[in-house]
Amino acid sequence: MAKIKVSLPQGTRDFNAEVVRKRNYIFQTIRTVFELYGFEPLETPAMENLETLMGKYGDEGDKLIFKILNNGLDLPEKHAKAQSDFEQVLAGKNNTGITERALKYDLTIPFARYVAMNHGQLTYPYKRYQIQPVWRADRPQKGRYREFYQCDADVVGSQSLLLEKEFAAIYARVFEQLGIDVVIKVNSRKLLAALAEVCGGADQLTAITVAIDKLDKIGIDKVKTELTSRGLTHEQIHQIERYLQINGSNEQKMEQIEALLGHTETGQKGMEELRYLINAGQFGTIPNLSIDFTLARGLNYYTGIIFEVAARNVQMGSIGGGGRYDDLTGLFGISNIPGVGISFGVDRIYDVMEELNLFPAQTKNGTQYLFFNLGTAESTKAFSLMQVLRTKGIACELYPDQVKFDKQFKYAEKKQIPHVVIIGSNELEKDQCVVKKLDSSEQIVLSCDDFLLQF
RNA sequence: GAGGCUGUAGCUCAGUAGGUUAGAGCGUCAGUUUGUGGCACUGAAGGCCGUGGGUUCGAAACCCAUCAGCCUCCCCA
């Protein structure tokens, strides 16, 4: 038989039983916490209209959207139009004649689209969570895939800072349950805006944000070089440097930022937000929450508090992020719906947990009892016992072929099935069965009725 | 979009300075052992050495191209 070379598209993965179980463990943990905080599930299609997505993620983002080729382009009567349309695509422009749909790039924009479409029906504040795959035509590398899951929770229709506090608590709780030691970095976009006001004006906000975002990668000197090339003066850059050098405990950082940006109105607002978040108050302190003024988070829609979560003790990009946005649905014609949300990067969380060996043994749950196949009459008996076990929720299976013991034992071992049940001609005659534990080799003989009574 | 590394058995990899029939470990299958697994021993199957060209008497090895994977930058989860 000719051997056909098979492969997977770049940046995609198959998940075997073990991996699926471990992933489900993460999903379940996150889902449970979301539900505990009153979020409702939402699912949206894998694909959206291309125009829904285009222009929402910046120029870079647009390039990374997977576009879907329209069907029926090969129909003879459409040839001429398809060819002229394709010229547009070759020129770097999208054309609905060639592609009008695309795979979703994140969960936030489809969510905004959903809110805009169902504006009248939703009960506000609307709290939803969404756990679905998204696709990006990125170059894959460590911790980066072309198909990966996002777990988002957002609230729209409320300005309350209480929500930010709850989201921080959700992060803390989920990672505590997963056993990952994290630092939840928090900042306010308003402070960045205030910094921009002080140094070069509001129109420099983006440039400053981008430069700050690169700090931990390129270092302070290169950040200064970049800012200089943006036309900032020596004095302005000095201010930014003072901003970036703020350190110490959360309280100490607040004191330093007060000295630097306290005289601006925007700065005061930003500090208020942060103070509310870090103060214990009536909700208690959130563990691992750390103010990080160098946190900037790209440049898109965030306007208030921003979050980013990093795992300690392991080299990995952020495993979660989010923040407040004032007017996400404005993009779709429905204005004045403020929102705030966070996201978990499940694939990276998986990699972190794998690297730190944090998955509990319970994730291996599968078949509990393997019934040996030792003949037709014997397996008929086994089958009737199994049906009882199954009604009691015990996973079990019968080896489908009557083969030697050796083989059936090895099957159980490979699948890590903890017990085997042996019903041969001897046992059948006495209405008994032999139950053997594989790890300890202990085995007991008991009547079929006694066997069932255990469950 | 830019750069680096790697493609040899199902998997992880050896393969000496180009030289007969390309190796190991693990895994698979069979047997020792036709109702008691893991261990051990014996044996077997399994390779167009990523693909295409070139250099050479001779290429898995050297050169070029191409494809794929991994990694870094950019950006991000």
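Heavy atoms only: backbone and side chains are in, while hydrogens, waters and symmetry mates are out. Labels below follow one simple rule: chain letters A, B, ... track the order of the sequence lines, proteins then strands, and each chain is numbered from 1. Remember, it's a predicted structure, so these values are computed and weren't measured experimentally.
The distance from atom CZ of A:Arg348 to atom P of B:C75 is 14 Å, rounded to the nearest whole Å. Going from atom OH of A:Tyr302 over to atom C1' of B:A77 covers 11 Å, rounded to whole Å. Separating the CG atom of A:Asp347 from the P atom of B:A77 is a distance of 13 Å, rounded to the nearest angstrom. Whole-Å rounding puts the A:Glu308 CD to B:C75 P distance at 13 Å. In this structure, the CD1 atom of A:Ile30 is 12 Å from the C1' atom of B:A77, given to the nearest Å. At whole-Å resolution of the value, CZ in A:Phe405 and C1' in B:G38 are 16 Å apart.
Within 4.0 Å of A:Asp106, counting heavy atoms only, lies no atom of the nucleic acid at all. No engagement by A:Glu60 is indicated, since no non-hydrogen atom pair under 4.0 Å with the nucleic acid exists. Residue contacts for A:Ser318: at a heavy-atom cut-off of 4.0 Å it reaches the sugar-phosphate backbone alone, with no base atom in range. Across all strands, A:Asp351 comes closer than 4.0 Å to no nucleic acid atom at all (heavy-atom distances). Residue A:Leu374 is out of contact with every strand shown, counting any heavy-atom pair closer than 4.0 Å. In this structure, A:Lys63 reaches neither bases nor backbone, as no heavy-atom distance under 4.0 Å exists between it and the strands shown. Within the 4.0 angstrom heavy-atom criterion, base atoms lie near A:Tyr145. Among the heavy atoms of the strands lying under 4.0 Å from A:Ile319 are primed sugar atoms or P, OP1, OP2 only; no base atom is included.
For A:Gly61 and A:Ser440, each mapped to the nucleotide of RNA chain B holding its nearest heavy atom, the one lying further toward the 5' end belongs to A:Ser440. Nearest-nucleotide mapping onto RNA chain B: of A:Ile423 and A:Asp138, the residue sitting toward the 5' end is A:Ile423.
Ring centroid separation for the pair A:Phe167 and A:Phe307 does not come in under the 6.0 Å cut-off. For A:Phe344 and A:Phe34, the gap between ring centers is short of 6.0 Å.
Side chain A:Glu427 to base B:G35: a donor-acceptor pair is found below 3.5 Å. Judged by distance alone, with hydrogens and angles left aside, A:Gln408 brings no side-chain donor or acceptor close enough to the base of B:U36 to form a pair under 3.5 Å.
As rounded to the nearest Å, B:U8 and B:A61 have P atoms that lie 13 Å from one another. Using P as the reference atom, B:U42 and B:U33 are 16 Å apart when rounded to the nearest Å. Rounded to the nearest Å, the gap between the C1' atom of B:G7 and that of B:C11 is 15 Å. When the C1' atom is used for both B:C67 and B:G52, the distance is 10 Å, rounded to whole Å. Taking atom P in both B:C29 and B:G46, the straight-line distance is 16 Å, to the nearest Å. For B:A65 and B:G4, the P atoms lie 12 Å apart once the distance is rounded to whole Å. With both ends at atom P, the span from B:A45 to B:A30 equals 15 Å, rounded to whole Å. Look at the P atom in both B:C57 and B:A2: the space between them is 39 Å, to the nearest Å.
Applying the side chain to side chain contact (heavy atoms under 4.5 Å, CB included) criterion to A:Ser379, with sequence neighbours excluded, gives A:Asn373, A:Leu398. For A:Thr29, the side chain to side chain donor-acceptor pair (under 3.5 Å) criterion is met by no residue, not counting sequence neighbours. Residues satisfying the side chain to side chain donor-acceptor pair (under 3.5 Å) test with A:Asp326, not counting sequence neighbours, are A:Thr303. By the side chain to side chain contact (heavy atoms under 4.5 Å, CB included) test, A:Glu40 pairs with A:Tyr126, sequence neighbours left out.
Among residue pairs with one or both ends in residues 127-149 of chain A, those qualifying as salt bridge (Lys or Arg N to Asp or Glu O under 4.0 Å) are A:Lys127-A:Glu166, A:Arg128-A:Asp154, A:Asp138-A:Arg144; sequence neighbours excluded. Applying the salt bridge (Lys or Arg N to Asp or Glu O under 4.0 Å) rule to pairs touching residues 421-436 of chain A yields A:Lys381-A:Asp431, sequence neighbours excluded. Listed by first and then second residue, the salt bridge (Lys or Arg N to Asp or Glu O under 4.0 Å) pairs that reach into residues 301-312 of chain A are A:Asp181-A:Arg312, A:Arg297-A:Glu308, sequence neighbours excluded. Pairs passing the salt bridge (Lys or Arg N to Asp or Glu O under 4.0 Å) check and including a residue from residues 96-118 of chain A, sequence neighbours excluded, read A:Glu48-A:Arg113.
Here A:Phe148 counts as stacked on B:A77: its ring centre is under 5.5 angstrom from the base ring centre and the planes meet at under 30°.
The side chain of A:Arg136 lies closest to B:A77 when the candidates are B:G35, B:G37, B:A77.
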Detail all sub-3.5 Å separations between protein N/O atoms and N/O atoms belonging to nucleotides 69-71 of chain B.
unit_1: B:G69; atom_1: OP2; unit_2: A:Gln10; atom_2: NE2; d: 3.4
unit_1: B:C71; atom_1: OP1; unit_2: A:Lys142; atom_2: N; d: 3.4
unit_1: B:C71; atom_1: OP2; unit_2: A:Lys142; atom_2: N; d: 3.0

Check nucleotides 26-33 of chain B for protein N or O atoms closer than 3.5 Å to its own N or O atoms and list the pairs.
unit_1: B:U28; atom_1: OP1; unit_2: A:Lys414; atom_2: NZ; d: 2.3
unit_1: B:G31; atom_1: OP2; unit_2: A:Lys404; atom_2: NZ; d: 3.2

What pairs of donor and acceptor atoms, side-chain ones from residues 442-452 of chain A against any protein atom, are under 3.5 angstrom apart with sequence neighbours left out?
unit_1: A:Glu442; atom_1: OE2; unit_2: A:Ser440; atom_2: OG; d: 3.4
unit_1: A:Ser447; atom_1: OG; unit_2: A:Asp450; atom_2: N; d: 3.1
unit_1: A:Ser447; atom_1: OG; unit_2: A:Asp450; atom_2: OD2; d: 3.3

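For RNA chain B, runs of at least 3 consecutive pairs of the Watson-Crick or G-U wobble type, with both hydrogen-bonding distances under 3.5 angstrom, map to B:1-7 with B:67-73, B:10-13 with B:23-26, B:28-32 with B:40-44, B:50-54 with B:62-66.
Judged by distance alone, the side chains of A:Gln239 and A:Tyr243 never bring a donor and an acceptor atom under 3.5 Å apart.
Considering A:Phe372, A:Phe405, A:Tyr399 as possible partners of A:Tyr411, the one that fulfils the ring-ring contact (aromatic ring centres under 6.0 Å, His included) test is A:Tyr399.
The cationic atom of A:Lys253 (NZ for Lys, CZ for Arg) does not lie both less than 6.0 Å from the six-membered ring centre of A:Phe293 and within 45° of the ring axis.
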